[in-house]
There are 2 protein chains.
Amino acid sequence: MLEHMEMPELPEIHLFAKDMHQELVGKTFDAVEIVQPKSLNLPPEDFRGRLIGTSIQAVSYHGKWIQLELSKGWLLINLGMGGEILLITDENYPEKVRLAFRFTDGSSLAVNFWWFGYAHWADTLADHAMTAKLGPNAIDLSLEAFRSLLQGRRGAIKPFLLNQARIAGIGNVTVQDPLFRARIHPMRKISDLSDDEVEALYGEIQHTLREAIEHGGSKWERNLYGRHGSWGKDFFSVAYRLDEPCPVCGKTIEKIKTGSTSSYICAHCQL
Amino acid sequence: MLEHMEMPELPEIHLFAKDMHQELVGKTFDAVEIVQPKSLNLPPEDFRGRLIGTSIQAVSYHGKWIQLELSKGWLLINLGMGGEILLITDENYPEKVRLAFRFTDGSSLAVNFWWFGYAHWADTLADHAMTAKLGPNAIDLSLEAFRSLLQGRRGAIKPFLLNQARIAGIGNVTVQDPLFRARIHPMRKISDLSDDEVEALYGEIQHTLREAIEHGGSKWERNLYGRHGSWGKDFFSVAYRLDEPCPVCGKTIEKIKTGSTSSYICAHCQL
DNA sequence: CGGTTCAACAACGA
DNA sequence: CTCGTTGTTGAACC
């Protein structure tokens, strides 16, 4: 039932960045193993050449991208539809690896994508179109900023929230319960939302993201150390609860098509 | 039959820029008459204030925009769906005028749009989004540059050629015969084109643009001096020749919808 | 069906 | 395709 929820969203990326910052700052690239060159934005030799000898200064994130600031340039990683980043402290690499980075201290970082992801090198963040065009991280938004982003928008609320160019980091897992709890139908026109609804939605988004982070990310993901999070379906009110009763009114939760994504909703509570 | 061909494309703009450079360099703006303020990107007073007292240093073009480099800033003119720019040497203004510029030597330039056009002022070209985002002028492209622009494109060839952000200056009149002569269907996927087809298409585009320029632009347009060009349907192989025989195979030329534009093609020759 | 980009399209406005 | 904007949809891609 939850087999298609293995994609990292803001909480998991946030945790990767935090742990990677903790573990990797100060390390220097010694070697780069590239199993899947198509994931790169440079020829493998160039990519390797940019990294080797540089050191990691800081690790942050923007939306679903992890950003490693180097002594020269940036290494930008996107796990695509899902994947793992593992810190390897001994010589035991995991079986499946698309990319591996070895550091001069003997430790390594292994990256695997379930299907496809990116590892890009950029001189500056502004040079990298895919991250440069992202909106602000959802978790860093103030209510006022959220209101002003919604200002004058004509479309529906759910596609807006999922559009990474508007707000970065929200995905189909973290958008559904906030909408339910704010009692807003995913396809409601943004211009129809009352001030109170916007405030409720904002609060529920913040709550959901923080809750997921506090619980170490989702159960279906592994973190930098290979450990699973504890945030899962137990925390959901309607998401992925097809045919179960709405926790508020008891009516049956439905699955509907909302543009190109699916949504679980209570048609009675969400208007 | 040819009633909808009154929009200037690269050849006509090229000729305007050339003649305007010849005639206008050195002239100083003395007065600006603004009949249609909506065409401007500044309040009329500001627009006027930017121009008066400045002189024209050079006239060039980018796509369908004519660029007048001034002693300070740029005046950028786009004729939109069609229009005229006339050099007036006596005091007889044409009847219909949206904008008129008077110079200190007593001469004037009159601009008319059939429907909508622009006259913008910009401090630098980089400041002006509408021209800054244009692709390279079609006529200045090398074969290699043309190939690299097509690299990795997923859509159909005709919409690509008409997209001014990719290549500037090609319009629905100047695109049709090159496609026919290269034997390429307008809706062919770019990724399906062979190297030879790309080269043929490139050559035919260059040929068409240069031929139109050499003949003074299209018959339906007037130049800076009010004179019509001589490039017209006689030069076309299939464009606007509905139900006539294909000059190569004799089959009937068809008119088809290609996205939002129409195309005249030989369905037998163009694959 | 995932993330992201791109293309095609509609509608509107200037 | 005069051009911009906005948003929607579907496809292709890695």
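A, B, ... follow the sequence lines: proteins, then strands. Residue 1 opens every chain.
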**OP:** Find the distance A/I157:CD1 to D/dT8:P and express it as a whole number of Å.
**Re:** 11 Å
Subject >> Phosphate OP1/OP2 of D/dT2 contacted by B/K64 side-chain N/O (<4.0 Å) >> reply: no
**OP:** Can you tell me, in whole Å, how much space there is between the P of C/dC1 and that of D/dC14?
**Re:** 22 Å
Subject >> Toward the 5' end of DNA chain C, by each residue's nearest nucleotide, B/Y118 or A/E9 >> reply: A/E9
Original post:
Is there a side-chain contact between A/I213 and A/I139 (heavy atoms, below 4.5 Å)?
Top reply: yes
Original post:
Does some side-chain heavy atom of A/Q176 sit less than 4.5 Å from a side-chain heavy atom of A/S263?
Top reply: yes
Original post:
Would you say a side-chain N or O of B/R166 is under 4.0 Å from OP1 or OP2 of C/dA7?
Top reply: yes
**OP:** Would you kindly give the CD1-to-P distance between A/I190 and D/dG7, to the nearest whole Å?
**Re:** 7 Å
Original post:
How close or far is atom P of D/dT2 from atom CG of B/L40, stated in whole angstroms?
Top reply: 21 Å
Subject >> Side-chain N or O of A/K257 closer than 4.0 Å to phosphate OP1/OP2 of C/dC1 >> reply: yes
**OP:** Could you point out which residue of B/F180, B/Y240, B/F236 forms a ring pair (Phe, Tyr, Trp, His ring centres under 6.0 Å) with B/Y264?
**Re:** B/Y240
Original post:
Checking all strands, does A/Q36 fall into the base, sugar-phosphate, or nothing category for heavy-atom contacts under 4.0 angstrom?
Top reply: nothing
Original post:
Separation of B/W65 atom CH2 from D/dT2 atom P, in whole Å?
Top reply: 13 Å
Original post:
In terms of the angle between their ring planes, are B/Y61 and B/H14 parallel, tilted or perpendicular, with boundaries placed at 30° and 60°?
Top reply: perpendicular
Original post:
When the distance from CG of A/L162 to P of D/dT8 is rounded to whole Å, what number comes out?
Top reply: 11 Å
**OP:** Please tell me if the side chains of A/I265 and A/T258 come closer than 4.5 Å, counting only heavy atoms from C-beta onward.
**Re:** no
**OP:** Using whole Å, report how far CD of B/Q151 lies from P of D/dC14.
**Re:** 12 Å
Original post:
Donor-acceptor pair, B/N223 side chain versus B/E12 backbone, under 3.5 Å?
Top reply: no
**OP:** Output yes when a side-chain donor or acceptor of B/Q164 lies under 3.5 Å from a complementary backbone atom of B/L162, and no otherwise.
**Re:** yes
**OP:** Quick one: sort the A/Y202 and A/F146 rings into parallel, tilted or perpendicular, breaks at 30° and 60°.
**Re:** tilted
Original post:
Given that B/S262 and B/K133 both sit by DNA chain D, which one's nearest nucleotide is further toward the 5' end?
Top reply: B/S262
Review item, nucleotides 8-12 of chain C N/O atoms under 3.5 Å of protein N/O:
| residue | atom | partner | partner atom | Å |
| --- | --- | --- | --- | --- |
| C/dA8 | OP1 | B/A156 | N | 3.3 |

Original post:
Where each pair must be Watson-Crick or G-U wobble with both distances under 3.5 Å, what dot-bracket representation of DNA chain C is obtained, with crossing pairs in [ ] and other-strand partners as |?
Top reply: ..||||||||||||
**OP:** Flag the pair A/E9 / A/V175 as yes when at least one side-chain heavy-atom distance between them is below 4.5 Å, and no otherwise.
**Re:** no
Original post:
What is the distance, rounded to the nearest whole Å, between atom CZ of A/R153 and atom P of D/dT8?
Top reply: 11 Å
Original post:
Is any side-chain heavy atom of B/K64 closer than 4.5 Å to a side-chain heavy atom of B/M7?
Top reply: no
Original post:
Checking all strands, does A/N163 fall into the base, sugar-phosphate, or nothing category for heavy-atom contacts under 4.0 angstrom?
Top reply: nothing
Original post:
Under 4.0 Å: is that the gap between some side-chain N or O of A/N78 and OP1 or OP2 of C/dT4?
Top reply: yes
Subject >> Gap between atoms CE and C1', on B/M130 and D/dT2 respectively (whole Å) >> reply: 9 Å
